[in-house]
Amino acid sequence: MIRMQNVNLVYPTGTAALKDCSLEIAKGEFVFIVGSSGSGKSTLIKTLLGELAISSGRIEVAGKNLANISRRELPYFRRRLGVVFQEFRLLDEMNVFENVALAQRVVGVSSREKRRKNSLAMLEMVGLAKKLKAYPNELSGGEQQRVAIARAMVNRPAILLADEPTGNLDPENSWEIMKLLQDVHELGTTVLVVSHNEDIVNKMQKRVITLHKGQITSDARQGGYLQ
Ligand code: ADP
Ligand code: ADP
């Protein structure tokens, strides 16, 4: 589902943020990306989303070689990826239902009834079917992140990328979010989670890829958090 071969990324400032990175992630895997601040985790996620062009090497995501992707193709490619961020990034002026339904309008689901059905199904999956009319500022952080997951999943992406999804949450809410990501994984989605949370990474016992100063220094099949 994801293949990086000898990827280098140098920012215009001269910082080499990814150095000779190679990895392969199969369909349906659940993978943590760990590493200290500045190790290149966000850069890696942005290259997978096609937001940053690499300096050399090769990246394939969901069957697409990102070097050959045109501006016109990019929106279609992005539909195959769901993204969740540390700071939720919901639209404050829209309620829970509208935040999720909008994601489908954006990708061109033209039937209103279909958008309604899909949105309700996703909000049910994340346990928020009773809060459709609430606005983000009326929700707890954990609830907001659940809405963000529903929004990321409503178009049924092949891959879910989560960048520090529990970074703003207390341990209890963090575990609820991890349980949800596990559910998403069980639906067959390939899940990539950037995390700083050692306790979570250690207890989940998933594949762990460690970045250090732009290099992949460890890739453990059922790993713990290494520094
Ligand atoms: P992480 O997500 O692991 O904290 P980043 O991918 O954000 O790491 O950063 C990796 C390195 O690239 C760091 O040295 C950071 O300062 C640098 N960097 C990140 N974004 C930019 C940018 N837009 N321009 C220049 N350097 C950047
Ligand atoms: P078409 O009408 O072209 O045959 P579909 O009806 O399968 O295609 O899907 C139209 C749009 O709805 C696509 O963008 C697809 O990603 C989206 N879609 C289809 N099924 C779902 C679903 N269960 N949840 C969310 N989005 C969906």
Side-chain angles (χ1 to χ4, degrees), residues 1-25 29-62 64-67 69 71 74 77-78 81-90 141 144-145 148-149 152 157 159-171 173-174 177-178 181 184 190-204 206-221 223-227:
M1 193 53 81
I2 296 173
R3 177 180 287 139
M4 296 180 93
Q5 288 170 308
N6 309 104
V7 169
N8 287 282
L9 187 144
V10 183
Y11 280 109
T13 54
T15 302
L18 297 176
K19 297 178 201 158
D20 201 31
C21 289
S22 297
L23 60 82
E24 251 178 76
I25 295 172
E29 277 199 84
F30 189 120
V31 183
F32 282 112
I33 309 278
V34 306
S36 51
S37 179
S39 59
K41 303 181 300 295
S42 304
T43 303
L44 180 74
I45 294 279
K46 286 180 192 153
T47 62
L48 296 178
L49 289 169
E51 283 177 16
L52 270 180
I54 57 178
S55 311
S56 65
R58 186 185 156 90
I59 303 190
E60 255 177 67
V61 178
K64 267 269 152 210
N65 179 345
L66 296 195
I69 207 161
R71 241 168 224 289
L74 204 55
F77 164 73
R78 292 257 175 82
L81 310 176
V83 197
V84 174
F85 305 94
Q86 173 169 356
E87 64 281 10
F88 322 132
R89 300 199 193 174
L90 300 175
Q144 289 184 58
Q145 194 61 298
I149 291 173
I159 304 173
L160 181 69
L161 299 169
D163 196 352
E164 301 275 6
T166 63
N168 284 343
L169 304 177
D170 60 25
N173 278 301
S174 296
I177 292 302
M178 290 318 299
L181 294 177
V184 163
T190 304
V191 179
L192 232 76
V193 183
V194 167
S195 182
H196 256 119
N197 190 318
E198 284 186 44
D199 186 44
I200 281 180
V201 173
N202 287 335
K203 287 196 178 124
M204 293 283 287
K206 302 289 191 189
R207 179 175 172 191
V208 181
I209 294 174
T210 307
L211 275 171
H212 181 68
K213 295 185 178 166
Q215 283 181 306
I216 294 174
T217 51
S218 151
D219 184 347
R221 188 120 301 273
Y225 196 105
L226 305 170
Q227 275 292 18

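Every number for a ligand or one of its atoms is a count from 1 in the order of the listing.
Neither the backbone nor the side chain of P12 comes within contact range of ligand 1; no heavy atom lies under 4.0 Å.
Among protein heavy atoms, the minimum distance from atom 8 (O) of ligand 1 is reached at G40 N, 3.1 Å. Here the heavy atom of the protein found nearest to atom 9 (O) of ligand 1 is T43 OG1, 3.9 Å. When only non-hydrogen protein atoms are considered, atom 18 (N) of ligand 1 lies nearest to Y11 CE1, 3.4 Å. Scanning all protein heavy atoms for the shortest distance to atom 7 (O) of ligand 1 gives S42 CB, 3.8 Å. Of all protein heavy atoms, the one closest to atom 17 (C) of ligand 1 is T15 CG2, 3.9 Å. With respect to atom 10 (C) of ligand 1, the closest heavy atom belonging to the protein is G38 O, 3.4 Å.
Heavy-atom proximity to T13, at under 4.0 Å, picks out these atoms of ligand 1: 25 (C), 26 (N).
Of all the heavy atoms in L9 and I54, the pair that sits closest is CD1-CA, 4.2 Å. The shortest non-hydrogen separation linking F85 to Q145 is O-NE2, 2.8 Å.
For atom 15 (C) of ligand 1, the nearest protein heavy atom lies 4.0 Å away or farther. Proximity of atom 2 (O) of ligand 1 to the protein is indicated by at least one non-hydrogen atom lying closer than 4.0 angstrom.
Taking the centre and axis of the six-membered ring of F77, the NZ or CZ atom of K64 falls outside the cone set by 45° and 6.0 Å.
Checking each of L23, I2, L66, I69 against I59 for a side-chain contact (heavy atoms from CB on, under 4.5 Å) leaves exactly one that passes, namely L66. Each of V7, N8, I216 was compared with K19 under the side-chain contact (heavy atoms from CB on, under 4.5 Å) criterion, and only N8 meets it.
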